[in-house]
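Here is the naming used below: chain letters follow the sequence lines, and residue numbers restart at 1 for every chain.
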Amino acid sequence: MGDMIRRYGPGLTLLVCLLTAFWLVMLVIVPNMTLLESSFRPYLPVTEIGGPRDVYTFTNYLKVFNGDIELSPFGFTFHLPVHVLTFSLTLFYSVVVTLICFALAYPLSYFMAKILSPRSLPTMFLLLFVPLWVSEVLRAFAWWMILALKGPLSWLLMQLHLIDHEVRWIVGYNGVMIGLVYTYVLFMIFPVYNAISSLDSNQIEAAEDLGAPWWRIHLRIVLPHAKPGIASGAVMVFMLSAGSLLVPSILGSTTSQWFTQTVQQWMLDALDWNTAAAYAFLLLMMCTLFVSLVMKIFRVKLSDIAN
Amino acid sequence: MSAGIDLENVSCDFGSFRAVDNANVAIRPGEFFSFLGPSGCGKTTILRMISGFIEPTQGTIKIGDKDMKGQRPNQRPTALIFQNLALFPLMPIWENISFGLEVRGVDKATRRAKAQALLEMVDLPGAADKMVSQLSGGQKQRVAIARALAVEPKVMLLDEPLSALDLKLRQHMRAELRAIQKRTGVTFIYITHDQGEALAMSDRVGVMSQGRIQQVADPREIYNNPVNGFVASFVGENNIFAGSVTNASDGMSGFETAHGALRARLGALAKGSNIKLYVRPEHTILSETAAAENSIPVTVSEVSFEGAFISVLSKTASGQTVVAELRNDGSATVPDIGAARFAHFNASHASILPDAATGV
């Protein structure tokens, strides 16, 4: 602090500190604390707020266990609360999105970092960035049109005689998967690219010289080196996917439901902000828990990701 | 165990740049062979062609009489030691060393035992479970050698592996490398720009310049009988006199220069123009009286004390510098600066050589 004052003068230092404090307190801590506080209070008519029934309770959180439905996948029949099912499916499909993103990003990152000539790299980055210049809503709608029953994808495949009648692509979670992968794959590509490009190419050559086939070079040299980058990419894609509302709303089908949509329904349809807040915190906590668990299993430290 | 390497008319182009031009050399099995040359002379390209990372544009590379065309580095019986060593920092030392065996499907216990044996051979018995970052420069060097030896290569390729070490360690590792080569009997191909390293370690040396191999011979021959001016100048120092050949006979020739008529051995390739006379400073003698032949009047201009020898710089009437080296054993008297002397040399110690590369 003393160093900052000496370097920038008291005026500028005070301004920077105040701005940081404003951002931290007003934009992060206060809204979240308000939401957290309201998540423990019941949803009451305005006249009763502050009255004898306005007490702190876990009821909002426990609502997630209401509304049993019967499921019978693969012949096993069991009962599950509907919101727990939505939550589990959200986690499951977010993991799938993360895996697909990794499968797409790893070869591309390796290609960009080790094979592509440095002269073509700016063009490649530009090509990757162009879709980001378009708003997420428009991108989701573009996919909605592409995947429509009589949309361009069906038409193209019909022309190529790969299919003989139009296909409804947005079924179940298909549309959501495609939309999420398209939206978030860049968040995987860049950390993985950064990690791989910091690998000394001599190590790849040394491994090849010692007789290693390409897959073993990746398994033993490139992947371990890129692990922190992969971890940070995976955490970002997973968290963003699980927390995405726009893509599941636009590209969802009649049989898909994302947990964020449930939160939105509590918020806007039921107008029960208290329960919505409780659900939002449930999502945040469970995702954080899940990510920590996975990081533990793969022996990734938080400090690795920060690098 | 070891294999010879034959380069037959090997050339390598990078775009319009010819990095290696028609290289022909037969490296014998079990030999310690060095490619010596300045940076950019094509020596590393030759090494990368032998190891398989670059395909020659023309010509054939044979290892143990087998044509290596189309063979990837992981299919060749060579092991390369990189300039920066390229050890794997995320593996412990023993896994580094046994990586080549892991690739070949050797079980873990055997791998571990082999790594231990190799570590003992390179004098690092306790390092098996350490990480690369815990070792010093010289120790990493040894691990790199052990890792390359683990796959029992027929040919070891070394790309200036000692250049990052300090002087004392480098001299120690020279001897060590030489000893390991003798013990294992593997053919070593060593790349260096350091003439001292090449001369001290090698059985034979190939001197390269501008993509061409200038001369292949044992170290003494390279130093004492260089084939051209490049080899003579790159390996050691010279006093050089321009002039023209007059009456040549029996391998000796008169040489007409601005400093009068000289006489020296006539190099086999010394034909046409651009030929000069080369004589080493240690063969150049300064005396107060003129000698019978090869005697040039000079004035002493500078004395530089180098430790084992004293180098005396003097100038001829036309201002050319002539260097003479005196051994610091008390036998020679060091002349004063400004003293008039005669620089002379024995005709059999001087050679008349062409300037540029004519190839071998």
If you take all heavy atoms of A:D209 and B:S51, which pair is closest and at what distance? OD1-CB, 4.1 Å

Heavy atoms of other groups near B:D166 CG, more than 12 under 6.0 Å: yes

Once you round to the nearest 0.5 Å, how far does CG of B:N74 lie from CG of A:L210? 10.0 Å

Just wondering, are more than 12 heavy atoms of other shown residues or ligands nearer than 6.0 Å to CZ in A:R299? no

A:E208/B:R76 under salt bridge (charged side-chain N to carboxylate O under 4.0 Å, His left out): CA gap, chis, key distance, verdict: CA-CA 10 Å; A:E208 188 179 1; B:R76 298 192 182 199; over 6 Å; no

Would you say A:K114 has more than 12 foreign heavy atoms packed within less than 6.0 Å of its NZ? yes

Has B:K69 got more than 12 heavy atoms of other residues, nucleotides or ligands less than 6.0 Å from its NZ? no

Is any residue of residues 81-108 of chain B within less than 4.5 Å of chain A by heavy atoms, and which ones? B:F82, B:N84, B:A86, B:L87, B:F88, B:P89, B:L90, B:M91, B:E95, B:F99, B:G100, B:E102, B:V103, B:R104

Would you indicate whether A:F298, at its atom CZ, is surrounded by more than 12 heavy atoms from other residues, nucleotides or ligands within a distance under 6.0 Å? no

